[in-house]
Amino acid sequence: MGISRNFAAIGEREELKRRVLILSRYLSYTISKLGLNPTTFYMKLRYQYGTKSAKSITHDRLFNEAFFIDLAQSLFDELDTHPHYKIHYIGLGASNCTGVHKRKSFSILEIEKDTKHAKLTHGLMKIRDKYGVDMIGYGRERVG
(Lines give C-alpha, C1' and ligand atoms only; values in the text may rest on other atoms or scores of the structure.)
Protein backbone atom coordinates (compact mmCIF):
# COMPACT_ATOMS: atom_id res chain seq x y z
CA MET A 1 0.00 0.00 0.00
CA GLY A 2 1.24 3.46 -0.69
CA ILE A 3 0.54 7.11 -1.23
CA SER A 4 2.14 9.51 -3.67
CA ARG A 5 1.69 13.00 -5.02
CA ASN A 6 2.72 14.88 -8.13
CA PHE A 7 2.91 18.66 -7.85
CA ALA A 8 4.55 21.65 -9.47
CA ALA A 9 8.31 21.35 -8.94
CA ILE A 10 9.45 22.72 -5.57
CA GLY A 11 13.02 23.57 -4.58
CA GLU A 12 12.43 24.61 -0.97
CA ARG A 13 13.45 21.63 1.18
CA GLU A 14 11.48 22.65 4.26
CA GLU A 15 8.26 22.63 2.21
CA LEU A 16 9.16 19.23 0.79
CA LYS A 17 9.82 17.86 4.29
CA ARG A 18 6.44 19.25 5.36
CA ARG A 19 4.79 17.37 2.49
CA VAL A 20 6.61 14.16 3.45
CA LEU A 21 5.28 14.60 7.00
CA ILE A 22 1.70 15.05 5.78
CA LEU A 23 1.91 12.08 3.39
CA SER A 24 3.36 9.88 6.13
CA ARG A 25 0.58 10.96 8.52
CA TYR A 26 -2.10 10.00 6.00
CA LEU A 27 -0.46 6.67 5.14
CA SER A 28 0.04 5.92 8.84
CA TYR A 29 -3.65 6.54 9.47
CA THR A 30 -4.63 4.16 6.67
CA ILE A 31 -2.23 1.46 7.87
CA SER A 32 -3.50 1.78 11.45
CA LYS A 33 -7.14 1.81 10.33
CA LEU A 34 -6.59 -1.48 8.48
CA GLY A 35 -4.79 -2.98 11.49
CA LEU A 36 -1.64 -3.76 9.51
CA ASN A 37 1.95 -3.97 10.70
CA PRO A 38 4.22 -3.35 7.71
CA THR A 39 7.92 -4.05 8.03
CA THR A 40 9.19 -2.87 4.63
CA PHE A 41 9.03 0.81 3.73
CA TYR A 42 9.71 2.52 0.41
CA MET A 43 10.24 6.09 -0.73
CA LYS A 44 10.72 7.50 -4.20
CA LEU A 45 11.55 11.04 -5.27
CA ARG A 46 11.38 12.39 -8.80
CA TYR A 47 13.33 15.49 -9.66
CA GLN A 48 13.07 17.90 -12.50
CA TYR A 49 15.06 16.79 -15.56
CA GLY A 50 13.97 13.15 -15.05
CA THR A 51 16.32 12.22 -12.22
CA LYS A 52 14.95 9.72 -9.67
CA SER A 53 15.97 8.49 -6.26
CA ALA A 54 14.42 5.56 -4.39
CA LYS A 55 15.07 3.25 -1.48
CA SER A 56 13.40 0.36 0.31
CA ILE A 57 14.23 -0.52 3.90
CA THR A 58 13.02 -3.24 6.29
CA HIS A 59 12.54 -2.77 10.02
CA ASP A 60 11.03 -5.55 12.13
CA ARG A 61 9.28 -3.25 14.57
CA LEU A 62 5.78 -2.71 15.85
CA PHE A 63 4.25 -0.09 13.55
CA ASN A 64 3.40 3.32 15.00
CA GLU A 65 3.00 6.79 13.58
CA ALA A 66 5.98 8.37 15.35
CA PHE A 67 8.35 5.70 14.01
CA PHE A 68 6.95 5.98 10.49
CA ILE A 69 7.16 9.78 10.36
CA ASP A 70 10.76 9.74 11.64
CA LEU A 71 11.64 7.02 9.11
CA ALA A 72 10.05 8.95 6.24
CA GLN A 73 11.93 12.12 7.20
CA SER A 74 15.26 10.28 7.42
CA LEU A 75 14.61 8.51 4.09
CA PHE A 76 13.93 11.89 2.49
CA ASP A 77 17.18 13.30 3.86
CA GLU A 78 19.08 10.26 2.59
CA LEU A 79 17.46 10.20 -0.85
CA ASP A 80 17.70 13.92 -1.55
CA THR A 81 20.99 13.60 -3.41
CA HIS A 82 20.42 16.59 -5.72
CA PRO A 83 19.79 19.54 -3.39
CA HIS A 84 19.84 22.07 -6.24
CA TYR A 85 17.15 20.26 -8.28
CA LYS A 86 13.47 20.80 -7.71
CA ILE A 87 11.30 17.83 -6.77
CA HIS A 88 7.90 17.22 -8.35
CA TYR A 89 6.94 13.76 -6.98
CA ILE A 90 7.07 12.06 -3.60
CA GLY A 91 5.94 8.47 -3.11
CA LEU A 92 5.73 6.50 0.13
CA GLY A 93 4.91 2.82 0.45
CA ALA A 94 4.64 0.13 3.09
CA SER A 95 4.50 -3.62 2.56
CA ASN A 96 5.47 -7.02 3.93
CA CYS A 97 2.85 -6.85 6.66
CA THR A 98 2.96 -9.17 9.63
CA GLY A 99 -0.16 -10.63 11.15
CA VAL A 100 -1.75 -13.73 12.60
CA HIS A 101 -0.61 -15.94 9.73
CA LYS A 102 2.77 -14.31 9.23
CA ARG A 103 4.50 -13.67 12.54
CA LYS A 104 7.84 -11.93 12.97
CA SER A 105 9.91 -11.12 16.00
CA PHE A 106 10.14 -7.43 16.73
CA SER A 107 13.28 -5.65 17.91
CA ILE A 108 13.57 -6.17 21.66
CA LEU A 109 15.55 -2.94 21.88
CA GLU A 110 12.60 -0.87 20.66
CA ILE A 111 9.53 -2.89 21.72
CA GLU A 112 8.76 -0.92 24.90
CA LYS A 113 8.93 2.45 23.15
CA ASP A 114 7.06 1.10 20.09
CA THR A 115 4.28 -0.30 22.29
CA LYS A 116 3.76 3.12 23.93
CA HIS A 117 3.76 4.84 20.55
CA ALA A 118 1.38 2.22 19.12
CA LYS A 119 -1.11 3.01 21.92
CA LEU A 120 -0.78 6.71 21.11
CA THR A 121 -1.29 5.97 17.40
CA HIS A 122 -4.45 4.02 18.27
CA GLY A 123 -5.74 7.00 20.30
CA LEU A 124 -4.96 9.38 17.44
CA MET A 125 -6.81 7.06 15.07
CA LYS A 126 -9.96 7.21 17.22
CA ILE A 127 -9.91 11.02 17.21
CA ARG A 128 -9.23 11.13 13.46
CA ASP A 129 -12.06 8.66 12.81
CA LYS A 130 -14.46 10.95 14.60
CA TYR A 131 -13.22 14.38 13.48
CA GLY A 132 -11.10 13.78 10.35
CA VAL A 133 -7.47 13.02 9.58
CA ASP A 134 -6.50 16.70 9.60
CA MET A 135 -7.89 17.27 13.11
CA ILE A 136 -4.55 16.41 14.73
CA GLY A 137 -1.41 17.41 12.92
CA TYR A 138 2.11 18.38 13.85
CA GLY A 139 3.63 21.81 14.39
CA ARG A 140 6.12 21.10 11.58
CA GLU A 141 3.18 20.99 9.14
CA ARG A 142 2.36 24.65 9.60
CA VAL A 143 3.76 27.05 7.06
CA GLY A 144 5.52 30.14 8.50
Side-chain angles (χ1 to χ4, degrees), residues 1-47 51-83 85-144:
M1 103 173 19
I3 189 169
S4 63
R5 292 292 179 263
N6 279 309
F7 41 85
I10 298 172
E12 185 183 324
R13 292 318 194 239
E14 289 306 313
E15 172 61 18
L16 291 164
K17 287 180 180 183
R18 186 183 78 82
R19 290 180 183 220
V20 167
L21 175 63
I22 292 168
L23 287 174
S24 57
R25 177 169 47 91
Y26 270 85
L27 185 55
S28 174
Y29 172 77
T30 303
I31 290 167
S32 297
K33 185 77 175 156
L34 294 173
L36 301 174
N37 193 79
T39 57
T40 301
F41 305 94
Y42 176 80
M43 179 180 272
K44 183 174 188 176
L45 304 176
R46 288 188 195 145
Y47 294 87
T51 305
K52 298 175 187 176
S53 186
K55 184 175 182 178
S56 177
I57 189 165
T58 299
H59 285 287
D60 292 329
R61 291 181 58 176
L62 184 61
F63 182 81
N64 63 76
E65 187 172 300
F67 161 71
F68 185 58
I69 288 173
D70 289 344
L71 178 66
Q73 294 287 320
S74 67
L75 278 174
F76 178 82
D77 290 338
E78 184 179 338
L79 290 175
D80 189 17
T81 55
H82 303 287
Y85 285 12
K86 293 181 178 181
I87 294 174
H88 68 88
Y89 172 89
I90 300 171
L92 284 173
S95 62
N96 198 17
C97 297
T98 61
V100 176
H101 302 293
K102 189 177 179 184
R103 296 225 182 255
K104 283 193 173 190
S105 297
F106 297 127
S107 168
I108 60 170
L109 301 174
E110 304 290 340
I111 193 68
E112 190 174 318
K113 179 173 71 172
D114 287 347
T115 302
K116 281 192 226 176
H117 284 290
K119 286 179 186 175
L120 177 61
T121 298
H122 184 71
L124 290 172
M125 186 182 70
K126 285 182 178 180
I127 293 169
R128 290 177 177 152
D129 281 345
K130 188 170 184 177
Y131 300 106
V133 178
D134 291 326
M135 181 51 61
I136 297 178
Y138 296 87
R140 296 179 285 177
E141 292 178 30
R142 304 292 175 230
V143 179

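Note that these values count all heavy atoms, side chains included, but never hydrogens, waters or copies made by symmetry.
- Between F76 and L21 there is no side-chain heavy-atom pair separated by less than 4.5 Å.
- Of all heavy-atom pairs between L34 and M1, the closest is CD1-CE, 3.2 Å.
- Judged purely by distance below 3.5 Å, without hydrogens or angles, the side chains of T39 and T58 never pair a donor atom with an acceptor atom.
- A donor-acceptor contact shorter than 3.5 Å links the side chain of Q73 to the backbone of K17.
- Side-chain contact between K33 and Y29 is present, with at least one heavy-atom pair separated by less than 4.5 Å.
- Of all heavy-atom pairs spanning T121 and E65, the tightest one is OG1-N, 2.9 Å.
- Between T115 and L62, the closest side-chain pair of non-hydrogen atoms falls below 4.5 Å.
- Panel note: side chain N37, backbone R61; a donor-acceptor pair is recorded below 3.5 Å.
- Salt-bridge check for E14 with R18: failed, with every basic side-chain N at 4.0 Å or more from each acidic carboxylate O.
- Around CZ of R13, the count of heavy atoms belonging to other residues, nucleotides or ligands within 6.0 Å exceeds 12.
- Put simply, the side chain of E78 reaches to within 4.5 Å of the side chain of K55, judged on heavy atoms.
- Contact check for S24 versus L92: side-chain heavy atoms found under the 4.5 Å cut-off.
- Considering only heavy atoms from C-beta on, T30 stays 4.5 Å or farther from Y26 through its side chain.
- K116 is linked by a salt bridge (charged side-chain N to carboxylate O under 4.0 Å, His left out) to nothing, counting only residues two or more places apart in sequence or in another chain.
- Evaluation of the ring-ring contact (aromatic ring centres under 6.0 Å, His included) rule for F67 yields F41, H59 as partners, not counting sequence neighbours.
- The shortest distance between side-chain heavy atoms of F7 and I90 falls below 4.5 Å.
- The backbone N or O of T81 sits less than 3.5 Å from a side-chain atom of Y47, completing a donor-acceptor pair.
- A pairwise comparison of heavy atoms in I87 and D80 identifies CD1-OD1, 4.1 Å as the closest pair.
- Between F63 and L36, the shortest heavy-atom contact is CB-O, 4.4 Å.
- Qualifying ring-ring contact (aromatic ring centres under 6.0 Å, His included) partners for Y85, counting only residues two or more places apart in sequence or in other chains: Y49, H82.
- The closest side-chain heavy-atom distance from L71 to I57 is below 4.5 Å.
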